[in-house]
Amino acid sequence: MASTGTDATYAITGASGRLGGRVARRLAASGTGQTLLARDPSRAPRLPGATVVPGSYDDHEALVGALRATDRVLMVSASESPDRLRDHRTFVDAAARAGVAHLVYISFYGAAPDATFTLARDHWHTEQHIRAAGIPFTFLRDNLYADFMPALVGADGAIRGPAGDGRAALIAQDDIADAAVAVLRDPGPHAGRAYELTGPEALTLTDVARILTETGGRPVSYVPETTEEAYASRAVYGAPDWQLDAWVSTYTAIADGSLAGVSTAVEDLTGHPATSLLQVLRAAADGPASP
């Protein structure tokens with residue numbers, strides 16, 4: 001039977017990454033012991049009370065051993081690849097076999113089998129596999145990361161893509177981490193639920209460019225592309241078709257309103273308001289945040 005209260009056991013995936021690392025640092029800062037699963041254990045953070053174990057998503061037996069009878073598990077989605085859905089299913093099957101008591105899965109806003117953003121379809125199929133596996137779960141469906149907006153800017157100071165005048169309710173990674181910790185700490189009320197995690201407002205890429213200009217010290221503009229122009233401008237990278245589709249559909253999902261809805265889920269789960277893009281960028285300029 002799963003433990004409750006202070007003796008619950010925790011396992012965190014993706015701890016060497018931005019999101020899983022944020023969750024792991026929050027748990028460590030509160031004195032909570034945890035197991036960190038990492039594809040490359042040497043890259044995992046060294047945190048008080050944390051044990052690092054090999055945890056590649058494609059290694060079923062290693063995952064079963066690492067997750068054996070763990071109460072609460074954070075499953076951060078695997079890196080983008082043609083095999084991501086297969087790897088997700090391997091992880092979920094291992095979690096079920098290991099007897100995990102509650103799985104918190106980081107999904108994507110509006111996950112659906114026909115989502116405009118192609119990678120959101122993988123998240124929907126992963127959610128369905130989790131449901132079928134019979135593991136108590138909570139899905140945290142995050143919108144596009146506010147933290148990644150500077151990476152959209154090209155060397156010429158322009159954001160280019162077929163987003164039109166559409167909007168996205170960008171979310172701070174710190175808010176996702178706070179929400180994940182809140183659910184991990186007390187999963188019972190959230191069992192079987194999916195939360196659409198968003199920032200406090202929906203922004204156009206023109207808005208994003210303006211805010212980046214205000215905070216970054218150089219002019220940034222948004223230059224709309226057609227879908228055809230977007231594929232042509234990205235073809236020079238030699239990426240496979242599925243990757244090109246993912247890149248371009250990030251923008252077309254903004255254009256058609258798929259990412260525009262604003263929710264109160266961050267405040268409902270964490271007790272604090274969602275963080276705006278302006279706040280995220282100012283905090284990044286001021287230096288690393290605390291756990």
Side-chain angles (χ1 to χ4, degrees), residues 10-30 32 34-48 50 52 55-57 73-81 84 87-88 91 103-109 111 117 119-120 122-123 126 138-153 168-184 195-199 208 211-212 215-216 243 246-247 250 259 265-266 269-270 272 274-291:
Y10 297 80
I12 306 299
T13 69
S16 58
R18 294 179 178 89
L19 183 55
R22 280 172 162 85
V23 174
R25 288 192 295 273
R26 281 161 170 76
L27 291 176
S30 68
T32 302
Q34 57 189 313
T35 298
L36 306 181
L37 280 69
R39 180 183 295 272
D40 180 358
S42 69
R43 295 183 57 229
R46 277 8 189 207
L47 299 171
V52 180
S56 177
Y57 274 23
V73 175
L74 176 72
M75 180 185 173
V76 178
S77 56
S79 300
E80 298 173 7
S81 79
R84 181 162 75 159
D87 290 348
H88 283 183
F91 182 91
L103 182 67
V104 179
Y105 173 58
I106 304 298
S107 186
F108 191 79
Y109 184 95
F117 178 44
L119 298 183
D122 288 349
H123 287 288
T126 300
T138 304
F139 301 146
L140 299 180
R141 297 172 175 164
D142 53 55
N143 208 290
L144 296 177
Y145 293 156
D147 312 64
F148 284 6
M149 289 303 102
L152 299 183
V153 183
L170 310 172
I171 184 167
Q173 287 184 311
D174 280 327
D175 285 350
I176 303 169
D178 288 345
V181 170
V183 174
L184 288 166
Y195 295 96
E196 309 282 350
L197 300 185
T198 76
V208 171
I211 295 169
L212 287 168
T215 58
Q243 185 71 74
W247 287 343
T250 304
L259 306 179
V266 167
L269 291 170
T270 69
H272 67 69
T275 309
S276 69
L277 174 62
L278 180 61
Q279 291 171 315
V280 168
L281 295 175
R282 284 178 173 168
D286 290 340
S290 63

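Contact record, Leu197 with Tyr109: O-CD1, 4.4 Å, taken as the closest heavy-atom pair. The two residues Arg84 and Ala78 have their closest heavy-atom pair at CD-O, 3.0 Å. Shown here for Ala177 and Leu19, the closest heavy-atom pair between the two residues is N-CD1, 4.0 Å. Considering every non-hydrogen atom in both Ala24 and Leu36, the closest pair reads CB-CD2, 3.8 Å. Annotation for Ala111 and Ser107: closest pair CB-OG, 3.9 Å, computed over non-hydrogen atoms. Closest heavy-atom contact between Ala146 and Ala172: CB-N, 4.2 Å.
Evaluated for a side chain to side chain contact (heavy atoms under 4.5 Å, CB included) with Val73, the options Leu103, Thr35, Leu37 yield exactly one hit, Leu103.
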Please evaluate residues Thr126 and Phe139 with respect to the criterion side chain to side chain contact (heavy atoms under 4.5 Å, CB included), reporting the C-alpha separation (whole Å), side-chain torsions for both, the decisive distance (0.1 Å), and the verdict.
CA-CA 10 Å; Thr126 300; Phe139 301 146; over 6 Å; no
Quick one, Glu80 with Leu119, criterion side chain to side chain contact (heavy atoms under 4.5 Å, CB included). Give me CA distance, side-chain angles, the key distance, then yes/no.
CA-CA 8 Å; Glu80 298 173 7; Leu119 298 183; 3.3 Å; yes
Could you go through Arg26 and Asp174, starting from their C-alpha distance and side-chain angles, then the distance that decides it, and tell me whether this counts as side chain to side chain contact (heavy atoms under 4.5 Å, CB included)?
CA-CA 10 Å; Arg26 281 161 170 76; Asp174 280 327; 3.2 Å; yes
Applying side chain to side chain contact (heavy atoms under 4.5 Å, CB included), run through Arg46 and Val52 and close with a yes or a no.
CA-CA 8 Å; Arg46 277 8 189 207; Val52 180; 4.0 Å; yes
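Ring planes of Tyr105 and His123: tilted class, angle from 30 to 60°.
When the side chain to side chain donor-acceptor pair (under 3.5 Å) test is applied to Tyr57, the partners found at least two apart in sequence or on another chain are Thr13. Under the side chain to side chain contact (heavy atoms under 4.5 Å, CB included) criterion, Ser79 pairs with no residue at all, not counting sequence neighbours. The side chain to side chain contact (heavy atoms under 4.5 Å, CB included) search around Ala274 returns Asp175, Pro200, Val266, not counting sequence neighbours. Checked against side chain to side chain donor-acceptor pair (under 3.5 Å), Thr215 has no partners two or more places apart in sequence or in another chain. For the side chain to side chain donor-acceptor pair (under 3.5 Å) test, residues two or more places apart in sequence or in another chain that qualify with Ser30 are Thr32, Arg185. Residues meeting the side chain to side chain donor-acceptor pair (under 3.5 Å) test with Thr198, sequence neighbours left out: none. In this view, Gln279 and Thr275, Ser276 satisfy the side chain to side chain contact (heavy atoms under 4.5 Å, CB included) rule, not counting sequence neighbours. By the ring pair (Phe, Tyr, Trp, His ring centres under 6.0 Å) test, Phe108 is found to be paired with Phe117, residues two or more places apart in sequence or in another chain being considered. Arg141 is linked by a salt bridge (charged side-chain N to carboxylate O under 4.0 Å, His left out) to Glu127, Glu196, counting only residues two or more places apart in sequence or in another chain. Scanning for salt bridge (charged side-chain N to carboxylate O under 4.0 Å, His left out) contacts around Asp87 gives an empty result, with sequence neighbours left out. Every side chain to side chain contact (heavy atoms under 4.5 Å, CB included) that Leu152 has, sequence neighbours left out, goes to Met149, Ile159, Tyr251.
The CD1 atom of Ile106 sits 10.0 Å away from atom OG1 of Thr138, with the distance rounded to the nearest 0.5 Å. Distance check, rounded to the nearest 0.5 Å: CG of Leu259 to CG of Asn143 gives 5.0 Å. Within the model, atoms CD1 of Ile171 and CD of Gln173 stand 9.5 Å from one another, a figure rounded to the nearest 0.5 Å. One distance of note links CG of Leu277 with CG of Leu170; it measures 6.0 Å at 0.5 Å rounding. To the nearest 0.5 angstrom, Leu47 atom CG is 9.5 Å from Leu27 atom CG.
Between Leu184 and Ile12, some side-chain heavy-atom pair lies under the 4.5 Å cut-off. Side chains of Val23 and Tyr10 form no contact here, defined as non-hydrogen atoms less than 4.5 Å apart.
Of the possible polar contacts, none joining the Arg282 side chain to the Val280 backbone as a donor-acceptor pair under 3.5 Å is found. Side chain of His88 to main chain of Ser77: no donor-acceptor pair is present (N/O by atom type, distance under 3.5 Å, no hydrogens or angles).
Of the N and O atoms on the side chains of His272 and Asp178, at least one donor lies less than 3.5 Å from an acceptor on the other residue.
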